[in-house]
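Data block below; observations after.
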Amino acid sequence: MAKKESTSPSNFIKNIVEEDIRAGKHNGRIHTRFPPEPNGYLHIGHAKAICLNFDLAAEYKGLCNLRFDDTNPTKEETKYVEAIKEDIHWLGFDWDDRLYYASDYFKILYEYALKLIEKGKAYVCDLSPDKIREYRGTLTESGKNSPYRNRTVEENLELFEKMKNGKFENGKCVLRAKIDMSSPNMNMRDPIMYRILHTKHHRTGDKWCIYPSYDFTHGQSDSIEKITHSLCDLGFEGHRPLYNWFIENLEIFPSRQIEFARLNLSYTVLSKRKLRELVEGNFVSGWDDPRMPTLSGLRKRGFTQKSIRDFCERIGMAKAESLVDIALLEHCLREDLNKRAQRVMAVLNPLKIIIDNYPEGKTEELDAVNNPEDASMGMRKVPFSKEIFIEQNDFMEEPPKKFWRLSPGKEVRLRYAYFIKCEKVVKDAAGNVVEVHCTYDPKTKGGNAPDGRKVKATLHWVSAKQAINAEVRQYDRLFSVENPLAEQDDFKEYLNSDSLKILTNCKLEPSLENAKSDTQYQFERLGYFLIDSKDSSNKKLVFNRTVTLRDTWARIQKAQKSDKK
RNA sequence: UGGGUCGUCGCCAAGCGGCAAGGCACAGGGUUUUGGUCCCUGCAUUCGGAGGUUCGAAUCCUCCCGACCCAGCCA
């Protein structure tokens, strides 16, 4: 009997959904939404929420809306909504015609407010912000009622009308829900529903000068859209009673809020505010700096949407606060890139090799495989000649234990070319190795010795005459500590000073002259690279290093170093 | 000192009374013209702690310990 099954792992949200379906709730209908505020760029933490909402809906044959939560005109801008839409599409999700804005509901929300006032459940309060805070009490002490709490319905209606009509300046008064100033839940101590903001809104312009608060908007928006499961992060747990209170008192469709733990990733920060600090302080080149955990940054760096989605699935979904190892993200990335990246040879830190017994002026075109994981990607030709470049760290005059690469008297293979043997080292006055003379064995063409002798190492190389120059930007982790926010000092003190190294004298095989900006390359033995979408040109090629290959030798070296200590 | 939530391997995370899934990381070994990939193997007698209920508990009960969130006219 064939067994199928490839459903993603179970989690507490799916359990709830399945229970609801079993119980026939909403006739088994599942409808979610992703509700970003257009006040910044999306990062990989948002990707977790996006995948959760869209994938959950898809798995249960439901729908997922995109809704901009735009109730604070002082912080929101159209440019962010465009960027957010682009990022979600890039991840491969689509909301069809279900693009909504909380601001679409301003009129209904206003009517909802009227309804609550009429039911005696809301009132206009003239207390100043300071007084409101004072009256709210503390975590352990009950608050006290506002002196304006018992205004009549008529009076409230009239004042709220005036608020709407711009009769008051900012901060003069607010509309509050009349709940319970002694509630142990601070959110229930007569929360603010509307505040006065004489600010132009990115969509409604000057139409309104009062704006609803998050609490008076979110649940109702969910309700209006008939959202069945409203997923948000743990920070809103304490708001759930209020979310339900508005829905119950308004007697509208009962969406259900469920909270999950937000993503934390090691060696970076995932908070709009903190990321903004990095951008505004010029610690990075912008929101799309390849070191940023923003979706635009990851994209520019060369991350694939598939790897991010895979990551979001593998980290699971729970309520325990956690710090996910960035190594898992890198693993997902390498796994995807390994299957699809076009292999090429590139030398980042060139060392000149002269093959003394190779004919002067001769050039051979050697066959190279484009992707050993995918035969359909075919073959290409790579030129070979007397002078070539290899990586500086592939040669050591005095090799340590386990170093199998080139060193005096040693023989190695040049990938797809020949075996070469190191004969002589040339140094400059300062003692630096400037070039290395080798001899080659003509019988090893293609990389195999007819006599069956083996070499331990295979090196990548680029023919000097045909090499093209390029700049390569090597990116690394943004921070030098796992959890920068857990440190005593300001998190910016822990930025990794080596997170970007720019190499300007890199040598690439000639096929890269026509490198495409949307093609992922593997520079053999080094890592995965992508053309920089902004700075690369025909005149000057610029590649970004997405991620290195796993490097066993580097780990051995590290171990050897720490052994000596 | 109020309220809410969480605590299963180094990092995530299944498990929902029948005797600890999986992934990452790590450690060994095999294959290999990338020290890559791939393939094997190992990696929690134990589920924050202590009691209790039960033939049987990570799963139920009690108490304790620890961590996080809430006092914006932000979301």
Side-chain angles (χ1 to χ4, degrees), chain A residues 9-11 15 35-37 39 69-72 74-76 125 127-129 132-134 136-143 170-176 182-189 192-197 211 213-215 217-218 232-241 259 261 266 272-273 311 313-332 334-335 338-339 343 345 368-369 372-373 402-405 413-417 419 444 446-448 454-460 482 522-527 548-556:
Chain A
S10 97
N11 62 52
N15 292 345
E37 182 188 11
N39 69 343
D69 218 333
D70 54 351
T71 58
N72 185 352
T74 64
K75 290 184 177 167
E76 295 147 5
C125 179
L127 249 25
S128 68
I132 286 187
R133 192 178 313 119
E134 190 185 316
R136 190 153 33 218
T138 69
L139 294 177
T140 52
E141 298 165 63
S142 165
N170 289 357
K172 177 69 178 55
C173 53
V174 292
L175 182 71
R176 295 226 255 169
S182 66
S183 170
N185 181 343
M186 301 293 286
N187 296 301
M188 301 300 272
R189 322 245 260 226
I192 288 162
M193 294 164 57
Y194 268 94
R195 74 280 212 198
I196 299 168
L197 248 29
Y211 292 91
S213 63
Y214 166 86
D215 285 309
T217 304
H218 204 94
C232 62
D233 76 67
L234 258 24
F236 295 96
E237 265 173 332
H239 293 248
R240 187 172 359 111
E259 312 84 17
S266 62
K272 270 189 204 171
R273 212 196 112 245
F311 171 75
E313 183 168 318
R314 293 211 215 188
I315 54 176
M317 187 60 62
K319 297 186 78 165
E321 286 174 51
S322 61
L323 180 65
V324 176
D325 191 343
I326 198 167
L328 177 58
L329 213 210
E330 293 173 345
H331 169 81
C332 295
R334 292 189 181 108
E335 189 173 79
N338 175 52
K339 285 183 206 131
R343 269 61 169 178
M345 291 198 283
V369 173
E373 306 291 320
K402 291 187 183 173
F403 182 87
W404 315 329
R405 281 110 98 144
R413 171 167 43 231
L414 294 176
R415 177 146 235 230
Y416 302 126
F419 284 12
T444 59
N448 285 304
K454 302 288 186 198
V455 287
K456 204 78 192 265
T458 299
L459 309 186
H460 63 278
E482 268 204 330
Q522 183 196 97
F523 291 181
E524 292 212 34
R525 301 209 304 135
L526 297 174
T548 63
L549 253 30
R550 280 185 81 229
D551 190 346
T552 307
W553 169 238
R555 270 187 284 152
I556 292 171

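Reminder, nothing fancy here: chain letters follow the sequence lines and each chain counts from 1.
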Partner set under side-chain hydrogen bond (donor to acceptor under 3.5 Å, both in side chains) for [X], not counting sequence neighbours:
{"X": "A/Thr458", "answer": "A/Arg413"}
{"X": "A/Glu373", "answer": "none"}
{"X": "A/Ser10", "answer": "none"}
{"X": "A/Asn39", "answer": "A/Glu37, A/Lys272"}

Whole-Å gap separating [atom2] ([N]) and [atom1] ([X]):
{"X": "A/Trp553", "N": "B/U34", "atom1": "CH2", "atom2": "P", "value": "17 Å"}
{"X": "A/Asp233", "N": "B/C6", "atom1": "CG", "atom2": "P", "value": "15 Å"}
{"X": "A/Glu259", "N": "B/U5", "atom1": "CD", "atom2": "C1'", "value": "9 Å"}
{"X": "A/Gln522", "N": "B/U37", "atom1": "CD", "atom2": "P", "value": "10 Å"}
{"X": "A/Lys456", "N": "B/U34", "atom1": "NZ", "atom2": "C1'", "value": "15 Å"}
{"X": "A/Lys402", "N": "B/G35", "atom1": "NZ", "atom2": "P", "value": "15 Å"}
{"X": "A/Arg314", "N": "B/A14", "atom1": "CZ", "atom2": "P", "value": "16 Å"}
{"X": "A/Ile315", "N": "B/G22", "atom1": "CD1", "atom2": "C1'", "value": "15 Å"}

Need one value for [X]: base, sugar-phosphate or nothing, where a base atom within 4.0 Å counts as base even if backbone is also close, heavy atoms only.
{"X": "A/Pro241", "value": "nothing"}
{"X": "A/Glu141", "value": "nothing"}
{"X": "A/Phe403", "value": "base"}
{"X": "A/Glu373", "value": "base"}
{"X": "A/Thr552", "value": "sugar-phosphate"}
{"X": "A/Ile556", "value": "base"}

Taking the same atom, [atom1], in [N] and in [M], what whole-Å distance lies between them?
{"N": "B/U5", "M": "B/C9", "atom1": "C1'", "value": "24 Å"}
{"N": "B/U53", "M": "B/A27", "atom1": "P", "value": "47 Å"}
{"N": "B/C39", "M": "B/G56", "atom1": "P", "value": "44 Å"}
{"N": "B/U37", "M": "B/G4", "atom1": "C1'", "value": "48 Å"}
{"N": "B/C65", "M": "B/A71", "atom1": "P", "value": "26 Å"}
{"N": "B/U46", "M": "B/A57", "atom1": "P", "value": "14 Å"}
{"N": "B/C19", "M": "B/U59", "atom1": "C1'", "value": "12 Å"}
{"N": "B/G15", "M": "B/A21", "atom1": "C1'", "value": "8 Å"}

For [X], enumerate each residue passing the salt bridge (Lys or Arg N to Asp or Glu O under 4.0 Å) test, keeping only those at least two apart in sequence or located in another chain.
{"X": "A/Glu482", "result": "none"}
{"X": "A/Arg133", "result": "A/Asp130"}
{"X": "A/Arg405", "result": "A/Asp394"}
{"X": "A/Arg334", "result": "none"}

With distance as the sole test, does [X] use its side chain to make a donor-acceptor pair with the main-chain N or O of [Y] at under 3.5 Å?
{"X": "A/Glu141", "Y": "A/Gly137", "result": "no"}
{"X": "A/Ser183", "Y": "A/Asn185", "result": "yes"}
{"X": "A/Thr444", "Y": "A/Phe419", "result": "yes"}
{"X": "A/Tyr211", "Y": "A/Asp70", "result": "no"}

Is there a side-chain contact between A/Gln522 and A/Leu549, using heavy atoms and a 4.5 Å cut-off?
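Counting from C-beta outward, A/Gln522 and A/Leu549 do come under 4.5 Å.
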Nearest-nucleotide pick for [X], side chain only, options being [options]:
{"X": "A/Arg405", "options": "B/G15, B/U5, B/G35", "value": "B/G35"}
{"X": "A/Trp404", "options": "B/G35, B/U34, B/C12", "value": "B/G35"}
{"X": "A/Asn338", "options": "B/U37, B/A14, B/C12", "value": "B/U37"}

Closest-nucleotide ordering on RNA chain B, the 5'-leading residue of A/Thr458 and A/Val324:
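This one resolves to A/Val324.
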Dot-bracket for RNA chain B, 5' to 3', counting Watson-Crick or G-U wobble pairs under 3.5 Å, with [ ] for crossing pairs and | for inter-strand pairs?
.(((((((.[[[..)..(...]]].(((((.......))))).....[[[[[..)....]]]]])))))).....
Syn or anti conformation of B/G10, syn meaning chi within 90° of 0
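B/G10: anti.
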Using a 4.0 Å heavy-atom cut-off, write out nucleotides 65-75 of chain B from 5' to 3' as B (base contacted by protein), S (sugar-phosphate only) or - (no contact).
---S-BBSBSB
Residues that A/Phe403 engages under ring pair (Phe, Tyr, Trp, His ring centres under 6.0 Å), provided they are two or more places apart
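Residues passing ring pair (Phe, Tyr, Trp, His ring centres under 6.0 Å) with A/Phe403: A/Trp553.
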Measure all distances between protein nitrogen or oxygen atoms and nitrogen or oxygen atoms of nucleotides 25-28 of chain B, and list the pairs falling under 3.5 Å.
| unit_1 | atom_1 | unit_2 | atom_2 | d |
| --- | --- | --- | --- | --- |
| B/A27 | OP2 | A/Arg555 | NH1 | 3.3 |

Under 4.0 Å from OP1 or OP2 of B/G15: is there any side-chain N or O of A/Asn15 that close?
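Affirmative; the distance criterion is met.
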